[in-house]
Amino acid sequence: MNKPLKFISRTVFGMFLVLFFSVTMIQFVSADELRANELNTRTIKNGYKVERGSILVNGDPIAFSTPTDDSFRYLRQYSAGPLYAPITGYYSHTQGMTGLEAAMNQDLSGIGNAQFFTRLMNTLNGVSPQGSSVETTIDPAAQEAAVAALTEGGFSGAVVAIEPDTGRILALASTPSYDPNLLSSNSDADIITNYSQLEDDPGQPLVNRAIAGDLYHPGSVYKLLVAAAAIEAGEAKPSSEYANPAQLALPQSSAVMQNASRSTCGAGAKATLEQAIVMSCNIPIAELAMSMDRDAVPEMAHAFGFGQDIEIPLAVTPSTSEIPEDQAQTALSSIGQLDVRATPLQIAMVSAGIANGGEVMTPYLVEKVITPDLRAEKEFSPETFSTPISRDTAEAVGEMMEHGVSNPEGLAQNAGIDGVRVAGKTGTAENGTDEDGNDLPFTLWFTGFAPVDDPQVAVAVVIEDAGGEAYNFEGGSSDLPTAVGKRVMEAVLSE
């Protein structure tokens, strides 16, 4: 009789331990993660019982909560919604949350660990619960310039601007955009209808092209990493010369590479590395890449951030730069094609690192968290992400980029700003063919920084479909993205 009782007692005790462990994991270890999950509608609905903190740009609220007379108690609202949608995201009691609303949810809703004692004191004093506000790093002039330049052109694309010596993100734009107010009303029916329309929109306004989505072939802006890898390793310098044919048969392949001009890179029998950067020639860059180890450029790309998990605190889709399998793939990947793909944020990090003497700073979007009584609860400071190249290498690459703007043959001339030394590089990426064998429109890029002698801003611009229908899908990188980049840099420098 005792034996069965002992077995049952031990079984019940074991089950109790398992239950105790599970409850502990849920209530304490995994609590923050579960609360932050964007699919946790209970967290969102509970959040409407609290006056959610604001999201601020230069001290002004761009997302805030106002009291209502309905059961939700508060309504989340967004001033200039489409302007800042890629930053704020939305907070919706049927569709979850995205952007900073999700990434900083615990602070905004007042449930973070750092706010425990504040919550306790408010409870004891009978003060209504309230979330903390989040101050962003965004420069309103830069953000407005970026969005205006993209929307006025009718472009699908993105802009990222970074302060090189800190990593502060000054602009994060993605177009077409959307109005988060459409998803934050207290009418479930309206939210569901609006969300369906946004999701079905062929322009994909809900995709944050600056940091996510399908990513883009970077095209010739990737050549900056080839140059950086070669110069850093002592394999080349700006004056190094390479054979200058109009066509290059790729090794062990039937493919033939050409320069964008369909001619030689300049008139001579040889072309320098600097000419290849200034005029954005493919063949000298491919020859240089094939002369190095196949992993040299991907390793340099990785040091700048490719393939690494980055949070700003929004999650950034990692850019890709795989090690080529042979010389033909080495040549193609060296010009930003094949399996090389990047976000505008990543390309902005490349320019920012070059501008900052070879030191890449960790990009960040949140400056500080402010409690309801205006105390700085958290403050975020600059951190070094990596130092992939020396100052000498950075200066050499930066000088070639400057000549890309100042040289009469430079393809980035349109990024020039009167009285300012500007460095820049264009890129035009191919995207294969459609089902009928016709070439798909190019992806257009510009990246650069200014002023060269005291960098205040580094920028990356991407435009899809060669500018779109307004440009007959045939716009060029030397015109469209350079003009957008110039406006954003001017907006920062004019302050």
For Ala483, does its backbone N or O pair with a side-chain atom of Asn414 as donor and acceptor, under 3.5 Å? no
Going by atom types alone, do His217 and Asn431 pair a side-chain donor with an acceptor below 3.5 Å? no
Only distances under 3.5 Å count here; give the side-chain donor-acceptor pairs of residues 148-165 to other protein atoms, sequence neighbours excluded, each with its distance to 0.1 Å.
| unit_1 | atom_1 | unit_2 | atom_2 | d |
| --- | --- | --- | --- | --- |
| Thr151 | OG1 | Val147 | O | 2.7 |
| Thr151 | OG1 | Ala148 | O | 3.3 |
| Glu152 | OE1 | Arg487 | NH1 | 2.9 |
| Glu163 | OE1 | Thr166 | OG1 | 2.6 |
| Glu163 | OE1 | Arg168 | NH1 | 3.3 |

For the residue pair Pro180 and Ala85, what are the closest heavy atoms and their distance? CG-CB, 3.9 Å
Salt bridge (Lys or Arg N to Asp or Glu O under 4.0 Å) pairs touching residues 93-103, sequence neighbours excluded, are Arg52-Glu101, Arg76-Glu101
Residue pair Leu444 / Gly467: nearest heavy atoms and the distance that separates them: CD1-N, 4.1 Å
So, do Val297 and Ser333 sit near enough that their side-chain heavy atoms are less than 4.5 Å apart? no
Enumerate donor-acceptor pairs with a distance under 3.5 Å from any side-chain N or O in residues 243-252 to protein atoms, sequence neighbours excluded.
| unit_1 | atom_1 | unit_2 | atom_2 | d |
| --- | --- | --- | --- | --- |
| Asn244 | OD1 | Cys265 | N | 2.8 |
| Asn244 | ND2 | Cys265 | O | 3.1 |
| Asn244 | ND2 | Gly266 | O | 3.4 |
| Asn244 | ND2 | Gly268 | O | 2.8 |

Output yes when a side-chain donor or acceptor of Lys425 lies under 3.5 Å from a complementary backbone atom of Gly404, and no otherwise. no
Gap between atom CG of Asn407 and atom CD of Glu409 - 0.5 Å precision: 5.5 Å
Going by the rule side chain to side chain contact (heavy atoms under 4.5 Å, CB included), which residues pair with Leu215 if we only count those two or more places apart in sequence or in a different chain? Thr317, Arg341, Thr343
Looking at Met300 and Ala229, what are the two nearest heavy atoms and their distance? CE-CA, 3.7 Å
Check whether any side-chain heavy atom of Ile323 lies under 4.5 Å from a side-chain heavy atom of Glu299, and answer yes or no. no
Donor-acceptor contact present, side-chain Ser133 to main-chain Ser54, <3.5 Å: yes
What's the verdict on side chain to side chain contact (heavy atoms under 4.5 Å, CB included) for Leu273 and Ile285, showing C-alpha distance, side-chain angles and the deciding distance? CA-CA 7 Å; Leu273 174 57; Ile285 294 294; 3.8 Å; yes
Tell me, which pairs form a salt bridge (Lys or Arg N to Asp or Glu O under 4.0 Å) where one or both residues lie in residues 79-93, sequence neighbours left out? none
What pairs with Asp436 under side chain to side chain contact (heavy atoms under 4.5 Å, CB included), at least two apart in sequence or on another chain? Asp434, Asn438
Are Ile283 and Glu287 side-chain neighbours, meaning at least one heavy-atom pair lies under 4.5 Å? yes
Between Ser386 and Ala303, is there a donor-acceptor pair closer than 3.5 Å when you use the side chain of the first and the backbone of the second? yes
State which residues pass salt bridge (Lys or Arg N to Asp or Glu O under 4.0 Å) with Arg421; sequence neighbours excluded, sorted by chain then number. Glu402
Value rounded to 0.5 Å, distance of NZ in Lys223 from OG in Ser280: 3.5 Å
Please check: side-chain N/O of Asp439 versus main-chain N/O of Thr433, any donor-acceptor pairing under 3.5 Å? no
Sub-4.5 Å side-chain heavy-atom contact between Leu172 and Leu314: yes
Any side-chain heavy-atom pair of Phe306 and Ser319 under 4.5 Å: yes
Enter the distance from Asp214:CG to Gln204:CD here, rounded to the nearest 0.5 Å. 7.0 Å
With no hydrogens and no angle check, is any side-chain donor or acceptor of Glu135 less than 3.5 Å from a backbone partner on Asn58? yes
What distance separates Glu232 CD from Thr393 OG1, expressed to the nearest 0.5 Å? 4.0 Å
What is the minimum heavy-atom distance between Pro238 and Ile231, and which atoms define it? CD-CD1, 4.2 Å
Check the angle between the aromatic planes of Tyr195 and Tyr90 and answer parallel, tilted or perpendicular using the 30° and 60° thresholds. perpendicular
Which pairs would a plain distance check flag for residues 457-465, meaning a side-chain donor or acceptor within less than 3.5 Å of a matching protein atom at least two apart in sequence or in another chain?
| unit_1 | atom_1 | unit_2 | atom_2 | d |
| --- | --- | --- | --- | --- |
| Glu464 | OE2 | Arg209 | NE | 2.7 |
| Glu464 | OE2 | Tyr216 | OH | 2.6 |

Any side-chain heavy-atom pair from Pro451 and Gln456 closer than 4.5 angstrom? yes
Side chain proximity check, Leu198 to Leu183, heavy atoms < 4.5 angstrom: yes
Donor-acceptor under 3.5 Å (Asn181 side chain, Tyr78 main chain): yes
Sidechain-backbone polar pair: Ser261 side chain, Ser263 backbone, donor-acceptor under 3.5 Å: yes
Could you check whether Tyr222 and Ser321, counting side-chain N and O atoms only, form a donor-acceptor pair closer than 3.5 Å? yes
Should we say atom CD of Glu495 is surrounded by more than 12 heavy atoms from elsewhere, each under 6.0 Å from it? yes
Nearest-0.5 Å distance, CH2 of residue Trp445 to OG1 of residue Thr426: 12.5 Å
Cut-off 3.5 Å, side chains only: do Ser477 and Thr428 have a donor facing an acceptor? yes
Below 3.5 Å, can you tabulate the donor-acceptor pairs from side chains in residues 349-364 to any protein atom, sequence neighbours excluded?
| unit_1 | atom_1 | unit_2 | atom_2 | d |
| --- | --- | --- | --- | --- |
| Ser351 | OG | Thr447 | OG1 | 2.7 |
| Asn356 | ND2 | Glu359 | O | 3.0 |
| Glu359 | OE2 | Thr384 | OG1 | 2.4 |
| Thr362 | OG1 | Glu383 | O | 3.4 |

Disulfide bond (SG atoms under 2.5 Å apart) contacts in which one or both residues fall within residues 326-361, not counting sequence neighbours: none
For the residue pair Arg294 and Gln327, what are the closest heavy atoms and their distance? CG-OE1, 4.2 Å
If every non-hydrogen atom of Gly398 is compared with every non-hydrogen atom of Ala423, which pair is closest and at what distance? O-CB, 3.9 Å
Mind checking the CD1-OG spacing from Ile211 to Ser174? Nearest 0.5 Å is all I need. 9.0 Å
Is the backbone N or O of Leu75 less than 3.5 Å from a side-chain atom of Thr68, with the two atoms forming a donor-acceptor pair by type? no
Please confirm whether the backbone N or O of Tyr84 pairs with a side-chain atom of Gln143, one donor and one acceptor, at under 3.5 Å? no
Determine whether more than 12 heavy atoms belonging to other residues, nucleotides or ligands lie under 6.0 Å from atom CG of Asp200. yes
Suppose we screen for side chain to side chain contact (heavy atoms under 4.5 Å, CB included). Which residues come up paired with Ser79, at least two apart in sequence or across chains? Ile62, Phe64
With a 3.5 Å cut-off and no angle check, do the side chains of Ser187 and Ser185 form a donor-acceptor pair? no
Test side chain to side chain contact (heavy atoms under 4.5 Å, CB included) applied to Gln329 - qualifying residues, sequence neighbours left out: Pro324, Glu325, Asp326, Leu338
Min side-chain heavy-atom separation Pro86-Thr175 under 4.5 Å: no
